[in-house]
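The structure under discussion appears below in the form of structure tokens.
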Amino acid sequence: MSRLFNKTLTIKLITGSFVGLLLFLPAIAAANFRPSDRQPASDYTRSGGGRGCPNSKNQIPLTLLAPKTYIGYTASTRPTFVGYVSSSHEIEFQIFEFVSNKTVTPLSNPIKQKTSPGIFQVYLPENYPQLTVGKKYFWQVAISCPGDDLVERSEFMVVEIPSTIENKLLTTTNELQKSNTYAAANLWYEALAEALKSSNSQKLGQVGSNLVQEFAKYELVRDKDNEESVKKRIVNLQRIANQEK
């Protein structure tokens with residue numbers, strides 16, 4: 001009788017632990033990015049699509065992992081910028097500030113950085129001008145190819161972080177929970193940066209992969225002229241998410 005009881009207890013404990021693990025895993029890997037306010041990006045950034053150098057026809061082109069057809073948001077005056085390249089390059093990174101809807105000005109000289117195939121991150125150096133809350137910017141990455149320069153841009157705005165989100169972040173040191181909190185608040189740049197802290201170098205990790213797949217769904221098709229390029233971008237984002245876990 002005691003053996004049967006112990007066996008039954010053991011099975012219940014194992015089953016309970018397994019169910020508990022199943023319940024825990026989705027919470028860790030969840031991607032809650034649901035942009036509620038998608039203001040269309042200007043013609044500076046939403047026109048055109050990613051291209052590759054002449055010898056990279058079948059590869060995924062230079063891709064910025066941030067909203068392209070609508071304005072992204074960050075609560076940081078020194079956010080982290082993330083992109084993808086299929087092959088090694090020296091990139092030129094630069095931020096431009098919108099002086100008006102039709103006029104932009106560079107914040108500083110370009111930052112040159114060597115990248116390896118996969119995910120790359122750009123951090124602003126200490127001497128780089130600090131961004132301003134309430135202002136709109138775009139960041140661009142340029143790659144020199146034989147006979148051509150490839151340029152990709154993404155528009156964003158610096159906003160005040162809601163006090164409710166700030167308070168929620170104070171209650172956890174878990175990077176995955178922080179990432180989900182930022183994502184739920186539509187703060188894309190912080191959500192992805194937090195997710196990447198728990199991933200291997202030049203990889204998205206599972207949470208980062210889920211985030212990229214989620215945000216890819218929200219790129220905007222504004223007209224027939226950009227429909228094809230947006231569709232290609234969504235496919236490329238999904239490919240990156242799947243192969244860079």
Side-chain angles (χ1 to χ4, degrees), residues 27-42 44-46 64-83 93-99 101 104-105 107-108 111 119-141 153-199 204-220 237:
I28 282 185
N32 300 318
F33 187 66
R34 302 284 192 279
S36 55
D37 179 20
R38 289 184 294 163
Q39 298 182 43
S42 69
Y44 278 104
T45 57
R46 70 181 177 89
L64 307 188
L65 301 188
K68 181 176 176 65
T69 61
Y70 60 97
I71 300 171
Y73 293 99
T74 178
S76 173
T77 56
R78 308 188 75 78
T80 300
F81 301 90
V82 186
F93 169 91
Q94 197 164 16
I95 295 178
F96 293 79
E97 178 185 329
F98 280 85
V99 178
N101 288 333
V104 297
T105 183
L107 281 190
S108 185
I111 297 172
I119 303 300
F120 66 85
Q121 300 183 57
V122 179
Y123 307 96
L124 299 183
E126 290 184 4
N127 62 348
Y128 202 90
Q130 186 165 287
L131 306 183
T132 303
V133 173
K135 289 192 174 181
K136 187 171 67 171
Y137 305 87
F138 71 76
W139 59 288
Q140 76 172 31
V141 173
R153 295 167 175 164
S154 183
E155 203 165 311
F156 68 101
M157 182 175 287
V158 183
V159 297
E160 288 279 2
I161 188 169
S163 58
T164 52
I165 300 301
E166 201 166 29
N167 292 335
K168 191 173 182 179
L169 290 167
L170 292 174
T171 63
T172 180
T173 57
N174 185 294
E175 292 161 354
L176 305 182
Q177 291 177 1
K178 283 186 175 182
S179 177
N180 281 335
T181 299
Y182 282 124
N186 198 14
L187 296 172
W188 170 254
Y189 288 84
E190 284 79 359
L192 185 56
E194 285 293 338
L196 292 179
K197 288 179 181 179
S198 59
S199 68
L204 286 171
Q206 186 62 59
V207 177
S209 172
N210 289 351
L211 278 172
V212 172
Q213 289 194 45
E214 190 67 24
F215 109 87
K217 302 174 185 177
Y218 295 96
E219 288 286 32
L220 293 171
L237 287 168

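The line from CG of Leu169 to OH of Tyr182 is 4.5 Å long, rounded to the nearest 0.5 Å. Summarising the geometry, atom CG belonging to Leu124 is positioned 5.5 Å from atom CD1 belonging to Ile111; distances are rounded to the nearest 0.5 Å. The structure places NZ of Lys178 at 7.0 Å from OG1 of Thr172, a figure rounded to the nearest 0.5 Å. Rounding to the nearest 0.5 Å places CD of Glu166 at 8.5 Å from CD of Glu160. Remark: Leu237 CG to Lys217 NZ distance equals 12.5 Å, nearest 0.5 Å. The distance from atom CG of Asn180 to atom CZ of Phe33, rounded to the nearest 0.5 Å, is 12.5 Å.
A heavy-atom distance below 4.5 Å is not found between the side chains of Thr45 and Ser154. With contacts defined as side-chain heavy-atom distances shorter than 4.5 Å, the pair Val158/Lys135 does not qualify. Looking only at side-chain heavy atoms (C-beta outward), Phe81 and Gln121 stay at 4.5 Å or farther from each other. Leu192 has its side chain within reach of Leu196: a pair of non-hydrogen atoms, C-beta onward, lies under 4.5 Å apart.
Neither side chain, Glu175 nor Ser198, offers a donor N or O lying under 3.5 Å from an acceptor on the other.
Of the charged side-chain nitrogens involved, at least one lies within less than 4.0 Å of a carboxylate oxygen, so that Lys136 and Glu155 count as a salt-bridged pair. Under the 4.0 Å criterion applied to side-chain N and carboxylate O atoms, Lys197 and Glu194 are assigned as salt-bridge partners.
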All N/O donor-acceptor pairs, side-chain side in residues 72-79, below 3.5 Å, sequence neighbours left out:
{"residue": "Tyr73", "atom": "OH", "partner": "Asp37", "partner atom": "OD2", "Å": "3.3"}
{"residue": "Tyr73", "atom": "OH", "partner": "Gln39", "partner atom": "NE2", "Å": "3.0"}
{"residue": "Thr74", "atom": "OG1", "partner": "Ser76", "partner atom": "N", "Å": "3.0"}
{"residue": "Thr74", "atom": "OG1", "partner": "Glu190", "partner atom": "OE1", "Å": "3.3"}
{"residue": "Thr74", "atom": "OG1", "partner": "Glu190", "partner atom": "OE2", "Å": "2.7"}
{"residue": "Ser76", "atom": "OG", "partner": "Arg78", "partner atom": "N", "Å": "2.9"}
{"residue": "Ser76", "atom": "OG", "partner": "Arg78", "partner atom": "O", "Å": "3.3"}
{"residue": "Arg78", "atom": "NH1", "partner": "Tyr128", "partner atom": "O", "Å": "3.2"}
{"residue": "Arg78", "atom": "NH2", "partner": "Pro125", "partner atom": "O", "Å": "2.1"}

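Residue Ala183 comes nearest to Ala191 through the heavy atom pair N-CB, 3.6 Å, listed as atom of the first residue, atom of the second, then distance. Nearest approach of Ala193 to Thr80, heavy atoms of both residues: CB-CB, 4.1 Å. When all heavy atoms of Leu107 and Pro129 are compared, the closest pair comes out as O-CG, 3.5 Å. Contact record, Val133 with Val159: CG1-C, 3.9 Å, taken as the closest heavy-atom pair. Contact detail for Ala195 and Leu211: the closest heavy-atom pair is CB-CD1, 3.8 Å. Between Val207 and Ser179, the shortest heavy-atom distance links the atoms CG1-OG, 4.0 Å.
Partners of Phe120 under the ring pair (Phe, Tyr, Trp, His ring centres under 6.0 Å) rule, at least two apart in sequence or in another chain, do not exist in this structure. A search for ring pair (Phe, Tyr, Trp, His ring centres under 6.0 Å) contacts involving Phe215 returns Trp188, not counting sequence neighbours. Applying the side chain to side chain donor-acceptor pair (under 3.5 Å) criterion to Tyr189, with sequence neighbours excluded, gives Trp139. The side chain to side chain donor-acceptor pair (under 3.5 Å) search around Lys168 returns none, not counting sequence neighbours. With sequence neighbours excluded, the residues satisfying side-chain contact (heavy atoms from CB on, under 4.5 Å) with Thr105 are Glu97, Val99.
A distance of 6.0 Å or more separates the ring centres of Tyr44 and Phe96.
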Candidate pair Glu219 and Tyr70, rule side-chain contact (heavy atoms from CB on, under 4.5 Å), full reasoning: CA-CA 7 Å; Glu219 288 286 32; Tyr70 60 97; 3.6 Å; yes

Chi angles and distances behind the side-chain contact (heavy atoms from CB on, under 4.5 Å) call for Phe138, Ser42: CA-CA 10 Å; Phe138 71 76; Ser42 69; 5.7 Å; no

Worked check of side-chain contact (heavy atoms from CB on, under 4.5 Å) between Val141 and Val122: CA-CA 10 Å; Val141 173; Val122 179; 5.6 Å; no

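Here the rule is side chain to side chain contact (heavy atoms under 4.5 Å, CB included) with Tyr137, and of Ile95, Val104, Ile71 only Ile95 fits it.
In Asn101, the CG atom is not crowded: 12 or fewer heavy atoms of neighbouring residues, nucleotides or ligands sit closer than 6.0 Å.
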